[in-house]
Amino acid sequence: MKVLHNDGRVEECDDDLDVLRHSAAHVLAQAVTRLHPGVKLAIGPAIDDGFYYDFDKEGGFTPEDLEEIEAEMRRIVKENLKVETYALPRDEALEYLAGLGEDYKVELVEGLPEDERITFYKEGEFVDLCAGPHILYTKGIKAFKLTGLAGAYWRGSEKNKMLSRIYGTAFFSKEDLNRHIELIEEAKKRDHRKLGRELELFTLMDEGPGFPFFLPKGMVIRNALMDYWREVHRREDYMEISTPIILSRQLWETSGHWDHYKDNMYTTSIDEQDYCVKPMNCPGSLLIYKRGAHSYRDLPIRVGEFGLVHRHERSGTLHGLFRVRCFTQDDAHLYMTEEQITDEIRGVIRLIDEVYTKFGFKYHVELSTKPEDSMGSDEEWEMATAGLVKALEASGLEYKVNEGDGAFYGPKIDFHLEDVLGRTWQCGTVQLDFQMPQRFDIDYVGADGEKHRPIMVHRVVYGSIERFIGILIEHYAGRFPTWLAPVQVKVMSVSERSHDHARGIAAACKAAGIRCELDARDEKIGYKIREAQLEKVPYMLIIGEKEVESGDTVSVRSRDGGDLGSMAIGDLIARVREEDLDRTG
RNA sequence: GCCACUGUGGCUCAGCGGUAGAGCGGCGGUUUCGUAAACCGUAGGCCGGGGGUUCGAUUCCCUCCAGUGGCUCCA
């Protein structure tokens, strides 16, 4: 493809979707300007899977507007306008934009450094402040589609006016565009909210927005995850505790949550005293630490807890199991000496990696630093952040820095997993905290016989069991491996004559510890198979007259591999048990 | 919370000024069948809640609630 740089230079270069999409954004803005004179333009960049443009339009756009705009865009493409570029001196640029009433563009120019070249791109009657580069002719935008309408704050701040954002996407070919559309359709089928309902894993009700209900089948997955968790954490010398959900407001004042986290906390009163529903588990853990004296010989102490926390999240942010108002953290708090910091954090990073790898997840890591609303001195934050960086580097992990996104009591390493649409969600996190130990005045007795302040690490692996299950549903598209599958084996009889034998087989599976269901309805076997297949049961046992005669063989169909033929019931049981206990399938 | 859109039986959806319909599922029969849907019958809905306009509202308007896509915010 050829691109036009803002100095007028034309360059031949590899196909670049960002340039194409950015040009598509200009065409979008041009179409909007033609159809809706007086609309003010904000910004219109290319993004990961397309582009958008923000407009300030009284009353916003309607879906019908979108169709008209898309049609107008096609016209502009067809007109095959030549794209040109030029620069203007700062004051002329400002005067020009002010003359057009483009207030947002004026603000953008005012924000540019004094010595910056201020460049414009022009196609036909349309001119936009832009650094480029762009394609040379509008005809280059062959395959595009407007995909959505949304509100977006000017400059991303909710203090500013809300603008109307139009999303779209563009590709070099129709085929690529169609593939992209199909991919999104495919992704929708894996949506954990849809599968959660269809597979009867969990439900959300009007009576508790953001407070998920887990159904029996969802609980099986939850329990399997917790069993696995307990197994690896026992191995890593973690203890387990459980702390109350409601604790006095005073405690939250001590911890700093009342000052820094109040807006997210539910409160209640008991016997005229103020209480809070816990949004985090750390204060409870600290109270337990404080119960007794600790020696340096005991450190590090690793204390885990499946803690149900409640946080008030704004209504518009709720999203299936990914963003809820109550969730269970697979939390743990590690108390240690300064010298132990690196090793302890490395151990946690290793553990998180082990668990994510078990599920076949790709993840990326971010280091979140001191937020605006925080407690503790800059020096402490620097020390803590340096401690995390050291552990990250010792672990050889790539990470990006997420400025200002730390917890109010300390910096953190965040582990992000992707959902089916490529949106990423924070799951695991490791936080280094110098504050809580001071606030709760906890100590240990050192080798010198003196009291010392331990360092505290907060960490989660799954993050939130709810969110993790949501990610798992999408990751497996509901086809859970045997060890997580709510129903591992479904026994189905071919006809009336095999009902009784099927009952016996199901009982044998159940006795062997397999999660098994029996389908002995008077239905055709094809119908039962279809249903079991839709329920995504890993193993289906077909029991007909052949099996009745042989007595100890079953006809096995696997969810993913189809008809596996005949097998001794003992072998089938052994196979399923092995996949379950070893968590290999 | 903000912007836009949506809300009809368990699920997926049609109807859009004259007090509701389909398919699947459920239930009752018939069928007894070998690897993704047998047939017949039947029940089930204050059309998200409240208010208004109208002779009359599922349909139009307002408002609240919930959901969806974003923004902001976060496990």
Side-chain angles (χ1 to χ4, degrees), chain A residues 52 54 57 59-63 65-66 147-167 188 191 193-194 197-198 200 203-210 261 263-264 279-280 307 309 311-331 368 371 405 407 412 414-417 421 423 425-429 460-468 470-471 492-499 521-534 540-547 555-559 562-565:
Chain A
Y52 68 80
D54 285 347
K57 176 178 183 290
F61 295 98
T62 64
D65 288 336
L66 271 202
T147 53
L149 202 50
Y153 299 107
W154 167 237
R155 299 206 142 162
S157 167
E158 63 182 323
K159 294 190 188 77
N160 293 337
K161 182 164 184 183
M162 177 149 289
L163 307 173
S164 297
R165 174 171 298 179
I166 298 178
Y167 282 96
K188 279 187 188 149
D191 191 308
R193 291 165 300 184
K194 179 176 151 70
R197 183 174 54 241
E198 289 174 357
E200 300 186 303
T203 187
L204 286 152
M205 314 216 199
D206 279 4
E207 288 80 352
Y261 210 73
D263 290 349
N264 286 297
M280 297 189 194
V309 296
R311 297 181 184 177
H312 179 72
E313 301 293 348
R314 300 209 260 182
S315 60
T317 66
L318 302 178
H319 183 96
L321 289 182
F322 287 166
R323 191 73 184 275
V324 290
R325 284 181 172 150
C326 76
F327 56 99
T328 309
Q329 293 184 304
D330 61 316
D331 216 343
S368 294
D405 211 33
K412 52 183 188 160
D414 296 326
F415 292 74
H416 291 251
L417 293 175
L421 284 174
R423 294 174 291 208
W425 298 87
Q426 186 189 313
C427 291
T429 171
V460 288
V461 179
Y462 295 141
S464 129
I465 294 185
E466 290 76 4
R467 177 178 285 182
F468 201 81
I471 299 264
M492 34 199 129
S493 47
V494 173
S495 76
E496 220 170 62
R497 284 195 281 281
S498 46
H499 285 352
R521 293 175 298 173
D522 290 339
E523 291 288 352
K524 289 173 79 170
I525 194 65
Y527 181 85
K528 295 184 184 181
I529 287 170
R530 177 185 153 79
E531 212 171 84
Q533 199 70 42
L534 292 173
M540 288 156 260
L541 307 188
I542 287 91
I543 308 299
E545 297 199 54
K546 261 191 301 186
E547 286 69 29
S555 178
V556 183
R557 179 189 163 99
S558 96
R559 172 187 64 199
D563 193 347
L564 300 184

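Every chain is numbered from 1, with letters handed out A, B, ... down the list of sequences.
- When the side chain to side chain donor-acceptor pair (under 3.5 Å) test is applied to S493(A), the partners found at least two apart in sequence or on another chain are H499(A), K528(A).
- Atom-to-atom, CH2 of W154(A) to C1' of rU72(B) comes out at 16 Å; the value is rounded to the nearest Å.
- Comparing rU32(B), rA66(B), rG34(B) against the side chain of E496(A) picks out rU32(B) as the nearest.
- Spacing of P atoms, rG50(B) relative to rU8(B), comes out at 16 Å, to the nearest Å.
- Rounded to whole Å, the separation between the C1' atoms of rC24(B) and rG44(B) comes to 14 Å.
- Distance CD1/I542(A) to CD1/I525(A): 5.5 Å, rounded to 0.5 Å.
- Heavy atoms of G428(A) sit nowhere under 4.0 angstrom from any nucleic acid atom.
- When the P atom of rG34(B) is taken as reference, atom NZ of K528(A) falls 12 Å away, rounded to whole Å.
- Residue contacts for D405(A): at a heavy-atom cut-off of 4.0 Å it reaches the sugar-phosphate backbone alone, with no base atom in range.
- Contact between the side-chain N/O atoms of H319(A) and the OP1/OP2 oxygens of rC74(B) is not found at any separation under 4.0 Å.
- Distances shown here put a side-chain N or O of R557(A) below 4.0 Å from the OP1 or OP2 atom of rA36(B).
- Rounded to whole Å, the separation between the C1' atoms of rU58(B) and rA14(B) comes to 13 Å.
- Listed candidates were rC74(B), rU32(B), rG69(B). Nearest to the side chain of D522(A) is rU32(B).
- Going from the P atom of rG52(B) to that of rC74(B) covers 43 Å, rounded to whole Å.
- Within 4.0 Å (heavy atoms only), K412(A) reaches sugar-phosphate atoms of the nucleic acid but no base atom.
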Do any N or O atoms of the protein come closer than 3.5 Å to N or O atoms of nucleotides 25-27 of chain B, and which pairs are they?
unit_1  : atom_1 : unit_2  : atom_2 : d
rG25(B) : OP1    : Y527(A) : OH     : 2.9

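- No engagement by F468(A) is indicated, since no non-hydrogen atom pair under 4.0 Å with the nucleic acid exists.
- At distances below 3.5 Å, at least one donor-acceptor pair connects side-chain atoms of K57(A) with backbone N or O atoms of G60(A).
- At a threshold of 4.0 angstrom between heavy atoms, the contacts of R193(A) are confined to the sugar-phosphate backbone, with no base atom among them.
- Remark: RNA chain B forms stems of 3 or more consecutive Watson-Crick or G-U wobble pairs, all pair distances under 3.5 Å, at B:1-7 with B:65-71, B:10-13 with B:21-24, B:26-30 with B:38-42, B:48-52 with B:60-64.
- Look at W425(A) and the base of rA75(B); the rings do not stack under the cut-offs of 5.5 Å between centres and 30° between planes.
- Across all strands, V324(A) comes closer than 4.0 Å to base atoms (heavy-atom distances).
- The CZ atom of R530(A) sits 14 Å away from the C1' atom of rA38(B) (whole-angstrom rounding).
- For the residue pair E545(A) / S498(A), no side-chain donor-acceptor distance below 3.5 Å is found, with atom types taken as modelled.
- Heavy atoms of K546(A) sit under 4.0 angstrom from at least one base atom.
- When only modelled atom types and interatomic distance are considered, R467(A) and Q426(A) share no side-chain donor-acceptor pair under 3.5 Å.
- Between L66(A) atom CG and rA4(B) atom P there is a gap of 13 Å when expressed in whole angstrom units.
- If you check every strand for non-hydrogen atoms under 4.0 Å, R155(A) touches nothing.
- Separating the P atom of rA37(B) from that of rU31(B) is a span of 22 Å, rounded to the nearest Å.
- Of the P atoms belonging to rU59(B) and rC27(B), the separation is 34 Å, rounded to the nearest Å.
- Between E207(A) atom CD and rC65(B) atom P there is a gap of 15 Å when expressed in whole angstrom units.
- The phosphate of rA36(B) (OP1 or OP2) has no side-chain N or O of Q533(A) nearer than 4.0 angstrom.
- The separation between N160(A) atom CG and rU72(B) atom C1' is 11 Å, rounded to whole Å.
- Between the CE atom of M280(A) and the P atom of rC74(B) there is a distance of 11 Å, rounded to whole Å.
- The one candidate from W425(A), F327(A), F468(A) that meets the ring pair (Phe, Tyr, Trp, His ring centres under 6.0 Å) condition with F322(A) is W425(A).
- The pair R325(A)-E466(A) fails the salt-bridge criterion, with no side-chain N (NZ, NE, NH1 or NH2) lying under 4.0 Å from an Asp/Glu carboxylate O.
- Residues L204(A) and R423(A) both approach RNA chain B. Their nearest nucleotides, taken by heavy-atom distance, put L204(A) toward the 5′ side.
- When heavy atoms are screened at a 4.0 angstrom cut-off, G544(A) is found touching base atoms of the nucleic acid.
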Protein-nucleotides 5-14 of chain B N/O pairs under 3.5 Å:
unit_1  : atom_1 : unit_2  : atom_2 : d
rU12(B) : OP1    : R197(A) : NH2    : 3.0

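- Using a 4.0 Å heavy-atom criterion, one finds that V460(A) contacts no nucleic acid atom at all.
- Taking the C1' atoms as reference points, rG56(B) lies 46 Å from rA38(B), given to the whole Å.
- Counting non-hydrogen atoms under 4.0 angstrom, E198(A) reaches nothing in the nucleic acid.
- When the C1' atom is compared between rC73(B) and rU19(B), the two are found 46 Å apart, to the nearest whole Å.
- Taking a cutoff of 4.0 Å between a charged side-chain nitrogen and a carboxylate oxygen, E496(A) and R521(A) do not qualify as a salt bridge.
- If G562(A) and D191(A) are placed on RNA chain B by their nearest nucleotide, the residue sitting closer to the 5' end is G562(A).
- Rounded to an integer number of Å, the gap from CG of D54(A) to C1' of rG69(B) is 15 Å.
- Residues forming a side chain to side chain donor-acceptor pair (under 3.5 Å) with T147(A) (at least two apart in sequence, or on another chain): none.
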Restricting both atoms to N or O, compile the protein contacts to nucleotides 1-3 of chain B shorter than 3.5 Å, with distance only.
unit_1 : atom_1 : unit_2  : atom_2 : d
rG1(B) : OP2    : S315(A) : N      : 3.3
rG1(B) : OP2    : S315(A) : OG     : 2.3
rG1(B) : N7     : G316(A) : N      : 3.1
rG1(B) : N2     : Y153(A) : OH     : 2.4
rC3(B) : O2     : G151(A) : N      : 3.0

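- Across all strands shown, E200(A) has no heavy atoms under 4.0 Å from either base or sugar-phosphate atoms.
- Within the structure, a side-chain polar atom (N or O) of R497(A) is placed less than 4.0 Å from OP1 or OP2 of rC33(B).
- Contact check on R165(A) versus D54(A) returns a salt bridge, with a Lys/Arg side-chain nitrogen under 4.0 Å from an Asp/Glu carboxylate oxygen.
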